[in-house]
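Working notes for the structure below.
Side chains are part of it too, since the values below use all heavy atoms of this structure and drop only hydrogens, waters and symmetry mates. Chain letters run A, B, ... following the sequence lines, proteins first, then strands; residues in each count from 1.
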Protein chains: 2
Amino acid sequence: MSVTLADVAARAGVSAATVSRVLNGNYPVAGSTRSRVLRAVDELEYVVNGPASALAAATSDLVGVLVNDIADPFFGVMASAIQSQIGPAGDHDAEAPHGQKMAIICNTGGSPERELTYLTLLLRQRAAAVVLTGGTVEDPEHLGALATRLRRLEAGGTRVVLCGRQPLTAATDGAAAPGAAPGGAHGPEEDPGPAPVALTFDNFGGARRLTTHLLDLGHRRIGYLAGPAARTTTRQRLDGHRAALAAAGAAGGEAGTPEAERLTVHGGYDRASGYDGALELLRREPGLTAVVAANDTVALGACAALRERGLRIPEDISVAGFDDLPFAIDAAPALTTVRIPLHEAGARAGRLALGREEAPAGRTATLPADLMVRASTAPPRP
Amino acid sequence: MSVTLADVAARAGVSAATVSRVLNGNYPVAGSTRSRVLRAVDELEYVVNGPASALAAATSDLVGVLVNDIADPFFGVMASAIQSQIGPAGDHDAEAPHGQKMAIICNTGGSPERELTYLTLLLRQRAAAVVLTGGTVEDPEHLGALATRLRRLEAGGTRVVLCGRQPLTAATDGAAAPGAAPGGAHGPEEDPGPAPVALTFDNFGGARRLTTHLLDLGHRRIGYLAGPAARTTTRQRLDGHRAALAAAGAAGGEAGTPEAERLTVHGGYDRASGYDGALELLRREPGLTAVVAANDTVALGACAALRERGLRIPEDISVAGFDDLPFAIDAAPALTTVRIPLHEAGARAGRLALGREEAPAGRTATLPADLMVRASTAPPRP
DNA sequence: CTGTTAGCGCTTTCAA
DNA sequence: TTGAAAGCGCTAACAG
């Protein structure tokens, strides 16, 4: 814990600079010198001092990954995929962990403040890159603060990648008008620079296809268990759902109408919300023939509530989820849902974060969301 | 990205040392000076340089968390709980992220080499603490290398906490005899020091209770889907299972006997292993009346295979899991399993890692594993 | 309570 | 191809 570069240099009979060059391998060094240094490193069991090199080099080998909740497989799968591109690969030598990056996973719990706090913390670590996963709150003030932080990060050389989230500019239109920065910003106006790279999910399209599937089966009274209001993911999925309803002229397709409100219950992205929400939906509309949930976890909660009410799935009522998390296929019955390519997205985001993959044209790519028809949906009873 | 302590000091009309003291709040500073400094920090949008302070203070505010697979809720839940104790709490001010620690989550994929690599990386980051979650490979050589790394970490002031893993000394008995260090160690023999704090799960007891439950129901032909061989968790659970069988004089209770081998299939901790394993078990013993899986995920895979074979659960065959992950209760039928207090364990490990909780007596605490009887187990058909 | 003074261990010009 | 030297930005004695 106290052998330094200088010690290695002394033992190898070279200067500290040379040792540094050998270790970083970014500079020509004679073969014999090189092996002498490596031997000394080995004999002394030398381990680089990360903070010291980060200070000197003005960049660390840390990559921040922001997630809402790492216990939720939705984020767990993405985080794992991101990590797989960033961390030590299986084939690396345990004795030569050079140039290895490490992922700092930050649980925001969906809280905008904590999102900002973590970004500041990452800024202070001089993170090499930051990946923000999942949707965020659509509040213009938060979006403004977020944009400011990201700009600072990028100005400091940190790569920023959005994974499963709209680019900020798109989200900021409308309410967050141009002109004066929203309250709180008192720093100099920095150059916006290029927008962060974004990988988005086709939440809207997936939701629309899912509800269309239900409509095609003959359902007309469809309840919707939405996620927390004012979050991008929630809104996109709800919009897609309503677009399908509207296209079919079904009830609840017109946003803002009493009918649409009546058939929509907002809650969290957790099981309890699905359980409670399904009950509420049933109270509002006893003639319900189908329930669409904001995600698979919510759908499972809904299934549990429905079943306890004596309703069979899908005979009495159809239920559909979203995301196609690993457990969806093992639900009872297997859940009809929309597959989000979480793993692919995470892996790609990880590569983008390291600059190992070219940014997509327009700096944004939308990943497909495919309908997975399984056993939990069926035609309504005649 | 370039305003430094000195800039703040200049603006506030004080010395850099004073600014440092204000920011770290670990030293008396006059109220007026304090607010002047804080104002300057604010106006300049100053952000501490983490690497620089880590270098100077010889410790960083990073906490390493090693997991097998963050996409697996077993680890996700623990990681989330650990994080909740380490990272910014909800009530913290976003503008004052001082003294905040951050968790570096390292996915080892269950690979011993990567476990070591990450430990080295964490050593190089001068991590404030390291939490190792879940079981590990029981290979004496790996255990030796692991112990060496952990000793170095502790020697450098890093707190080490094991969460869901046996203390190394206990695991090292038997094969890894005292005396010469296993191959590869060529450093000076350091003082072993105190063993790391460990929080372990009562895998053995939980498994025994689970199988006893099955035996009480009348089952006698019970198949076991074990996890990867040579891992602590796998062995403890299998041992508990066999202990229950042996106590009841049932088939397969005697480790090493052909009967025990025949009724045990080793695989991974994933769904596919459960699926394949269940089929294999059925091939070996068509008269099977129950299947016990190494964990819930494996159990779900087994359920799927069994169902495809036309077997009803629990009427034709009982199935049980382990861990009681969130989805277990929503399986079809609800899974009988053993509840592991993942959240509590993680939270406690997090507090131990920060030194915010006293180590348990003997530096090791075993957390209970309670049997959760649900619908997937029932008496065998007469 | 505050300032001065040395480093912490590494990277990186600039020379040789 | 290698070495010398000057910091990177912060903390921590030690004075005052």
Strictly by salt bridge (charged side-chain N to carboxylate O under 4.0 Å, His left out), give each pair with a member in residues 4-27 of chain B just once, sequence neighbours left out.
B/Arg11-B/Glu43
Which of these nucleotides, D/dG9, C/dT11, D/dT11, is closest to any side-chain atom of B/Ala52?
D/dG9
Any pair counted as side-chain hydrogen bond (donor to acceptor under 3.5 Å, both in side chains), so long as it reaches residues 25-40 of chain A, sequence neighbours left out:
none
DNA chain C nearest-nucleotide lookup for A/Asn49 and B/Ser32: closer to the 5′ end is B/Ser32
Of the listed C/dC10, D/dT2, D/dT11, the closest approach to the B/Ser53 side chain comes from D/dT11
Side chain of A/Thr4, heavy atoms from C-beta onward: which of C/dC10, D/dT1, D/dG3 has the nearest atom to it?
C/dC10
What are the atom names and distances for every N/O pair under 3.5 Å that joins the protein to nucleotides 12-16 of chain C?
none

Integer-rounded Å distance: D/dT2 P and A/Arg36 CZ
8 Å
Hey, which of A/Ile104, A/Thr108, A/Val65 is the one that makes side chain to side chain contact (heavy atoms under 4.5 Å, CB included) with A/Tyr118?
A/Thr108
Looking at residues at least two apart in the chain, or sitting in another chain, which of them share a side chain to side chain donor-acceptor pair (under 3.5 Å) with A/Thr133?
none
Mind checking salt bridge (charged side-chain N to carboxylate O under 4.0 Å, His left out) for B/Arg165 and listing every partner two or more places apart, or none if nothing turns up?
B/Glu115
Which part of the nucleic acid, if any, lies within reach of A/Val19 when heavy atoms closer than 4.0 Å are counted: base, sugar-phosphate only, or nothing?
nothing
Sequence neighbours excluded, every pair satisfying salt bridge (charged side-chain N to carboxylate O under 4.0 Å, His left out) that has a member inside residues 347-359 of chain B
B/Arg348-B/Glu357, B/Arg351-B/Glu357
